[in-house]
Amino acid sequence: MDAATRRLVRQRAHERCEYCRLPQAAQPFVAFHVEHIIARQHGGGDNPDNLCVACERCNAFKGPNLTGIDPETGSIERLFDPRHQLWGEHFAFRDPAISGLTPVGRTTVEVLAMNEGRRVQLRAELLARGEF
Ligand SMILES: [Zn+2]
């Protein structure tokens, strides 16, 4: 992946995690990852259409996963695809937590541990400072 592609992906994401919406400015010492939505091991390439920005936590929890188990129904669901789906259709902020509105949203919140304690705490602090 070349530098121009990385720059394009970061600019397109407005320097935010495209899963949990954490702003890069909230973690200035840890550069957010340019992440493969469909991991290389599943045949995903470096085309910008398969790339998104992910914070360190979302990237670590997502790993190469494409699916997870919907905590409400127990069915296997795809994870959110920031390139082909709209965040607001699948998630909502319940300050400071993130709710999944659909099977895709619920599954992604669960697999990416979006409401893990320290992450919710950070979101609450950013909201209080008007930085989220
Ligand atoms: Zn994130």
Side-chain angles (χ1 to χ4, degrees):
M1 187 187 321
D2 60 25
T5 300
R6 287 181 186 281
R7 196 166 43 249
L8 171 106
V9 173
R10 290 183 191 285
Q11 286 172 349
R12 182 177 63 190
H14 304 288
E15 299 291 338
R16 279 182 176 266
C17 175
E18 295 186 78
Y19 293 105
C20 74
R21 297 288 174 105
L22 186 71
Q24 172 70 76
Q27 297 194 316
F29 305 114
V30 185
F32 285 0
H33 301 257
V34 173
E35 202 261 331
H36 290 83
I37 298 165
I38 297 175
R40 285 193 178 115
Q41 79 181 78
H42 299 301
D46 289 346
N47 184 304
D49 202 41
N50 186 44
L51 300 172
C52 72
V53 170
C55 71
E56 185 269 334
R57 300 315 297 155
C58 284
N59 189 58
F61 283 111
K62 180 178 175 294
N65 292 307
L66 302 176
T67 62
I69 296 174
D70 182 343
E72 199 171 294
T73 66
S75 64
I76 295 173
E77 298 291 340
R78 292 284 303 255
L79 297 179
F80 177 66
D81 178 341
R83 290 285 72 76
H84 300 101
Q85 295 173 313
L86 296 173
W87 198 92
E89 288 182 3
H90 295 280
F91 306 97
F93 283 112
R94 304 275 186 256
D95 299 343
I98 297 174
S99 284
L101 303 176
T102 63
V104 165
R106 289 190 300 266
T107 303
T108 304
V109 166
E110 191 76 10
V111 172
L112 275 57
M114 288 181 177
N115 292 322
E116 181 265 331
R118 286 174 303 163
R119 301 180 74 184
V120 171
Q121 179 66 33
L122 174 60
R123 242 178 260 133
E125 290 168 15
L126 292 169
L127 281 163
R129 295 198 308 254
E131 295 173 10
F132 197 99

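Keep in mind the model is a prediction, meaning the values are calculated, not measured. What's counted below: heavy atoms across the whole structure, side chains too, no hydrogens, waters or symmetry copies.
Of all heavy-atom pairs spanning Leu22 and Ala26, the tightest one is CD1-CB, 4.0 Å. In terms of heavy atoms, Arg123 sits closest to Pro96 at NH1-O, 2.8 Å.
Without hydrogens or angle criteria, Glu56 side chain to Asn59 main chain gives no donor-acceptor distance under 3.5 Å.
Evaluation of the ring pair (Phe, Tyr, Trp, His ring centres under 6.0 Å) rule for His33 yields no partner, not counting sequence neighbours. Applying the side chain to side chain contact (heavy atoms under 4.5 Å, CB included) test to Asn65 and every residue at least two apart in sequence or in another chain returns Leu79, Val111. Take Arg40 and apply the salt bridge (charged side-chain N to carboxylate O under 4.0 Å, His left out) test, not counting sequence neighbours, and it matches Asp46. Applying the salt bridge (charged side-chain N to carboxylate O under 4.0 Å, His left out) test to Glu110 and every residue at least two apart in sequence or in another chain returns nothing. Partners of Phe61 according to the ring pair (Phe, Tyr, Trp, His ring centres under 6.0 Å) rule, which considers only residues two or more places apart in sequence or in another chain, do not exist here. Qualifying side chain to side chain contact (heavy atoms under 4.5 Å, CB included) partners for His42, counting only residues two or more places apart in sequence or in other chains: Ile38, Ala39, Pro64, Leu66. When the salt bridge (charged side-chain N to carboxylate O under 4.0 Å, His left out) test is applied to Arg118, the partners found at least two apart in sequence or on another chain are Glu116. Among residues two or more places apart in sequence or in another chain, the salt bridge (charged side-chain N to carboxylate O under 4.0 Å, His left out) test is passed with Glu15 by none. With sequence neighbours excluded, no residue forms a side chain to side chain contact (heavy atoms under 4.5 Å, CB included) with Ala31. With sequence neighbours left out, Tyr19 forms a ring pair (Phe, Tyr, Trp, His ring centres under 6.0 Å) with no residue at all.
Atom CZ of Arg106 is separated from atom CG of Asp70 by 4.0 Å, given to the nearest 0.5 angstrom. A distance of 11.0 Å separates CG of Leu112 from CZ of Phe80, quoted to the nearest 0.5 Å. We find the CD-SG distance between Gln24 and Cys55 to be 9.5 Å, quoted to the nearest 0.5 Å. In this structure, the separation between CG on Leu51 and CE on Met1 is 4.5 Å, given to the nearest 0.5 Å. With values rounded to the nearest 0.5 angstrom, Arg21 atom CZ is found 9.5 Å from Met114 atom CE.
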Quiz prompt | Derivation of the side chain to side chain contact (heavy atoms under 4.5 Å, CB included) call for Arg119 and Arg57 | solution = CA-CA 9 Å; Arg119 301 180 74 184; Arg57 300 315 297 155; 3.5 Å; yes
Practice problem: Report the C-alpha distance between Ile98 and Phe93 in whole Å, list the side-chain angles of each, state the deciding distance to 0.1 Å, and finish with yes or no for side chain to side chain contact (heavy atoms under 4.5 Å, CB included). | Solution: CA-CA 5 Å; Ile98 297 174; Phe93 283 112; 3.7 Å; yes
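Taking the side chain as every heavy atom from C-beta outward, Phe32 and Cys17 approach each other to under 4.5 Å. Within the 4.5 Å cutoff, the side chain of Val34 has heavy atoms near those of the Arg10 side chain. In this structure, Ser99 and Val109 have side chains that are not in contact, with every pair of non-hydrogen atoms separated by 4.5 Å or more.
The 12-atom threshold is exceeded at CG of Leu8, counting heavy atoms of other residues, nucleotides or ligands nearer than 6.0 Å.
Residue pairs meeting the salt bridge (Lys or Arg N to Asp or Glu O under 4.0 Å) criterion with at least one partner in residues 80-92, sequence neighbours excluded, are Glu18-Arg83.
Taking Ile, Leu, Val, Met, Phe, Trp and Tyr as members and joining any whose side-chain heavy atoms lie under 4.5 Å apart, directly or through other members, Val120 forms no hydrophobic cluster with any other residue.
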